[in-house]
Amino acid sequence: STALTSQTGYTIVDTSLTWTSAAPATSLVTGAAPGNMVFTLGITTALANTDTLDITASQAIWSAVTATTCTATIGGTVTTAFATAATSTTVLRLTASGAIAAGAFVLTCTDNIAVNGAAGAVTFDIVSTKDTLALTGQTGYTIHKAISSVSATIDNNIRSATATSIAISFTTDADVA
C-alpha cells in the first residue's frame with residue numbers, strides 16, 4: 001500500500017475583532033473628568049445571545065465594579081441587544097442579549113467613568129467569545145499633565161516698538177499617582 005502524503009487538512013480562520021480607537025470625549029488631562037468614553041472597533045464575527053466582548057484598559061478608567069450605561073451603533077444603526085458592566089476598574093464587559101451583527105461598532109459609555117489617571121499612554125486589549133485571538137496593546141489615547149502656570153516675555157518692552165521675539169513657557173503639575 002502507498003502512504004498518503006501532503007494532504008490538505010483544515011485552515012484556522014482568524015475571527016479577531018479589529019480596532020479603530022478609544023478616546024474620552026472632553027478631557028485628556030490627568031485628574032480631570034474625561035467625559036464619555038467612546039470605543040470604535042470592528043466586529044468580524046457576529047455576536048449571539050450571551051456572547052461577551054471584553055475591553056481592557058492599561059490603567060483604571062472605570063470608577064467601580066458595576067453596571068455601566070453605554071449606547072452603541074453597528075454600521076451606523078442603533079443596537080440595544082447588550083448590557084455593559086465594569087468587571088474591574090480596567091475591564092468593561094459587553095454581554096449580548098441578542099444578535100449583534102458584524103461591522104463597524106461604536107460604543108459610547110456615559111457613566112461610571114473614573115477621572116483620568118497618571119500622565120501617559122492608555123492602551124487597550126479586546127477579545128470576544130467569538131475570537132480565536134485577542135487583540136492586544138491597541139492605541140487608545142494619551143493623558144497629559146495639567147498646566148499649572150504660563151508666562152510670556154517679549155524682547156522689546158517699549159510702547160511703540162515692535163517685538164522681534166516672544167518666549168512662552170508652561171509649567172506642568174507633577175504626575176498624579
- Residues that T79 engages under side-chain hydrogen bond (donor to acceptor under 3.5 Å, both in side chains), provided they are two or more places apart: none
- Minimum heavy-atom distance between S27 and A33, given as atom pair plus value: CB-O, 3.4 Å
- Message: Once ring-ring contact (aromatic ring centres under 6.0 Å, His included) is applied, what residue pairs with a partner in residues 85-111 remain, sequence neighbours excluded?
- Response: none
- Query: So which pairs with a foot in residues 114-146 pass disulfide bond (SG atoms under 2.5 Å apart), sequence neighbours left out?
  - Reply: none
- Task: May I have the step-by-step check of side-chain contact (heavy atoms from CB on, under 4.5 Å) for L28 and T142, ending in yes or no?
- Result: CA-CA 7 Å; L28 293 170; T142 301; over 6 Å; no
- Of all residues at least two apart in sequence or in a different chain, which pass the side-chain hydrogen bond (donor to acceptor under 3.5 Å, both in side chains) check with T139? none
- Message: Does anything in residues 87-107 form a side chain to side chain donor-acceptor pair (under 3.5 Å)? List the pairs, not counting sequence neighbours.
- Response: D54-R93, S88-T90
- Let me see the working for T20 and L41 under side-chain contact (heavy atoms from CB on, under 4.5 Å), right down to the final yes or no. CA-CA 5 Å; T20 303; L41 54 107; 5.7 Å; no
- What pairs meet the ring-ring contact (aromatic ring centres under 6.0 Å, His included) rule with one or both residues in residues 120-141, with sequence neighbours excluded? W19-F124, F39-F124
- Query: Per the side chain to side chain contact (heavy atoms under 4.5 Å, CB included) rule, which among T73, T40, L92 passes with L107?
  - Reply: L92
- Task: Using the test side-chain hydrogen bond (donor to acceptor under 3.5 Å, both in side chains), find all partners of D111 that sit at least two apart in sequence or belong to another chain.
- Result: T69
- Which disulfide bond (SG atoms under 2.5 Å apart) pairs, counting each pair once, include a residue from residues 97-146, with sequence neighbours left out? C70-C109
- Mind checking side chain to side chain contact (heavy atoms under 4.5 Å, CB included) for V65 and listing every partner two or more places apart, or none if nothing turns up? none
- Item | salt bridge (charged side-chain N to carboxylate O under 4.0 Å, His left out) partners for D51, two or more places apart | K130
- Query: Who else is in the cluster with V115 when I, L, V, M, F, W and Y are joined by side-chain contacts under 4.5 Å?
  - Reply: none
- Candidate pair I100 and L53, rule side-chain contact (heavy atoms from CB on, under 4.5 Å), full reasoning: CA-CA 11 Å; I100 299 176; L53 184 156; over 6 Å; no
- Message: Test: ring-ring contact (aromatic ring centres under 6.0 Å, His included). Region: residues 45-79. Which pairs qualify, not counting sequence neighbours?
- Response: none
